[in-house]
Amino acid sequence: MEKVVCVTGASGFIASWVVKLLLERGYTVRASVRDPENVVKTAHLMALPKAQERLKLFKADLLEEGSFDAAVHGCEAVFHTASPFFLGTNDPQKDLIEPAVKGTRNVLNSCVKAKSIKRVVLTSSIAAVTNTPSRKPEDVVDERFFSDPAFCREKEFWYPASKTEAEMEAWKLAKAHGLDLVTINPAMVIGPLLQPTLNTSSGAVLKLMNGSTPTYMNLALGWVHVKDVAAAHILAYEVAEASGRYLCAESIIHYKRIVEMLRSLYPNAPLPIKCSDESSRPAPEYKICTDKKLLKL
């Protein structure tokens, strides 16, 4: 029996890998993009193995109500990955928060109308987990934590605000309409790019390597490979007992160590040699619980 699923924002970094792995596993994929005729953004998808037989592009816009109806109709699962991710904007409400929140609402409302959807897998972020002012240094961060939207807005953490509010909207709608929802909350995602454009997380690594910054940040982050994140999305659908939220972080690494690793691989690259705050001790590497449930997937 044909297994038909939908991937929103399919030309993006994580989504492209989700599409690739789904095709490899025998799924028929309906991929939503803003402009199916833009070959610069879609050629890499149509060049994937089995894409000509089992991949169809659909036009959809996060801000347009009902625009995902056709893409999700008749699907058994929806992987909602579409959401803007960039760090510099003069209008965060318009550029980040509204597309993330309204887009999630529009996609899930389309899922409700479709009636064929067995499960929705939402790409959230660790940014929707860790930005909590009440969190103590000794806390082990797990899937019970939500970032505080008011705190994120106050501190102008616009991307965390967008991901937090979007995930909260998803859980509210899932509860109201009886949708089976699972979220994947990855840390900093890196790895090979399938798409032709540079995504934000990969850009952070490139910025270290191309001489555009004289220092590295005094910061420790979670890092995870894009293929592992894509596989987690698919397993979150395929494993019946999967539920709730799943953190994806392979390692917690300070930027100093990232620079050291890059220097060992690319000794001639103009990598920074100093921390942005040499007077401070290295940032503490907070502990992230990836939840033992995930290991069973």
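Counted within 6.0 Å of CZ on R34, heavy atoms from surrounding residues, nucleotides or ligands total 12 or fewer; the atom is thus considered open. Shown here is H73, whose NE2 atom has no more than 12 heavy atoms of other residues, nucleotides or ligands within 6.0 Å. The 12-atom threshold is not exceeded at CD of E65, counting heavy atoms of other residues, nucleotides or ligands nearer than 6.0 Å. The environment of K113 atom NZ is dense: over 12 non-hydrogen atoms of other residues, nucleotides or ligands sit within 6.0 angstrom.
Between M209 and L271, the closest side-chain pair of non-hydrogen atoms falls below 4.5 Å. Side-chain contact between F145 and D139 is present, with at least one heavy-atom pair separated by less than 4.5 Å. Annotation: side chain of L23 is not in contact with side chain of P49 (no heavy-atom distance under 4.5 Å). Side-chain contact between S67 and N106: absent, with no pair of heavy atoms (C-beta onward) separated by less than 4.5 Å. With contacts defined as side-chain heavy-atom distances shorter than 4.5 Å, the pair V259/L208 qualifies. Between H177 and L108 the shortest side-chain heavy-atom distance does not fall below 4.5 Å. Here the side chains of F151 and T132 are not in contact, with every heavy-atom distance at 4.5 Å or above. Counting only heavy atoms from C-beta outward, the side chains of L62 and H80 approach each other to under 4.5 Å.
No salt bridge links E238 with K3; every basic N to acidic carboxylate O contact stays at or beyond 4.0 Å. By the 4.0 Å N-to-carboxylate-O rule, E167 lies too far from K163 to be salt-bridged with it. The pair R263-E260 does not count as a salt bridge, with every side-chain nitrogen at least 4.0 angstrom from each carboxylate oxygen.
Not one N or O on the side chain of T104 forms a donor-acceptor pair closer than 3.5 Å with the backbone of A170. Proximity of a side-chain donor or acceptor of S32 to a complementary backbone N or O of K59 within less than 3.5 Å is not detected. A donor-acceptor distance shorter than 3.5 angstrom exists from the side chain of S147 to the backbone of A127, with no hydrogens or angles considered. With hydrogens and angles disregarded, a donor-acceptor distance shorter than 3.5 Å links the side chain of W17 to the backbone of P192. Between the R135 side chain and the T130 main chain, a donor and an acceptor come within less than 3.5 Å of each other. For T81 (side chain) and T123 (main-chain N/O), no donor-acceptor pair under 3.5 Å exists by modelled atom type. Between the side chain of R54 and the backbone N or O of L22 there is no donor-acceptor pair closer than 3.5 Å. Remark: the backbone N or O of E24 is not paired with any side-chain donor or acceptor of Y27 at under 3.5 angstrom.
Contact between L21 and A230 at its shortest, heavy atoms only, is CD1-CB, 3.8 Å. The two atoms that bring L55 and A31 nearest to each other are CD1-CB, 3.7 Å, heavy atoms only. Heavy-atom minimum distance, V72 versus I117: O-CD1, 3.8 Å. Nearest heavy atoms, V5 versus E76: CG1-CG, 4.2 Å. Considering all non-hydrogen atoms of both residues, R119 and A240 come closest at NH2-O, 2.9 Å. Contact detail for P133 and D148: the closest heavy-atom pair is CD-CB, 3.9 Å.
Side-chain contact, N185 with S124: a donor N or O sits under 3.5 Å from an acceptor N or O. Side-chain atoms of D69 and S110 form a donor-acceptor pair, as typed in the model, at a separation below 3.5 Å. For the residue pair Q195/S16, the side-chain donor-acceptor check at 3.5 Å is not satisfied.
Under the 4.5 Å side-chain heavy-atom criterion for ILVMFWY residues, a single connected hydrophobic cluster contains both M46 and L193. The hydrophobic cluster containing V189 also contains V121, counting ILVMFWY residues as joined when their side-chain heavy atoms lie under 4.5 angstrom apart, directly or transitively. Two different hydrophobic clusters hold V39 and F58 under the rule that ILVMFWY side chains link at heavy-atom gaps under 4.5 Å. Linking ILVMFWY residues whenever their side-chain heavy atoms come closer than 4.5 Å, directly or via other members, leaves V101 and L181 in distinct clusters. Linking Ile, Leu, Val, Met, Phe, Trp and Tyr residues whenever their side-chain heavy atoms come within less than 4.5 Å places L219 and M261 in a single cluster.
The CD1 atom of I234 sits 6.0 Å away from the CZ atom of F79 when rounded to the nearest 0.5 Å. Atom-to-atom distance recorded for I190:CD1 and I258:CD1 is 6.0 Å, nearest 0.5 angstrom. Rounding to the nearest 0.5 Å places NZ of K256 at 12.0 Å from CD1 of I273. Atom SG of C111 is separated from atom CG of N109 by 9.0 Å, given to the nearest 0.5 angstrom. Going from atom OG of S162 over to atom CD of E98 covers 12.0 Å, rounded to the nearest 0.5 Å. A distance of 11.5 Å separates NZ of K50 from OG1 of T28, quoted to the nearest 0.5 Å.
Ring-plane geometry between H254 and Y216 is classed as perpendicular, the angle between the planes exceeding 60 degrees on a 0 to 90 degree scale with a lower cut at 30.
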Exercise for the section: Starting from the C-alpha separation in whole Å, work towards a yes-or-no answer on side-chain contact (heavy atoms from CB on, under 4.5 Å) for F157 and T164. Expected result: CA-CA 11 Å; F157 296 163; T164 305; over 6 Å; no

Problem - side-chain contact (heavy atoms from CB on, under 4.5 Å) between T197 and F13, worked out - result: CA-CA 9 Å; T197 54; F13 180 41; over 6 Å; no

Handout entry: Residue pair Q93, D91: steps toward the side-chain contact (heavy atoms from CB on, under 4.5 Å) verdict
Key = CA-CA 6 Å; Q93 184 66 30; D91 193 342; 3.9 Å; yes

Handout entry: Worked verdict on H233 versus V7 for side-chain contact (heavy atoms from CB on, under 4.5 Å)
Key = CA-CA 11 Å; H233 280 71; V7 179; over 6 Å; no

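Residues passing the side chain to side chain contact (heavy atoms under 4.5 Å, CB included) test with S212 are K207, N210, sequence neighbours excluded.
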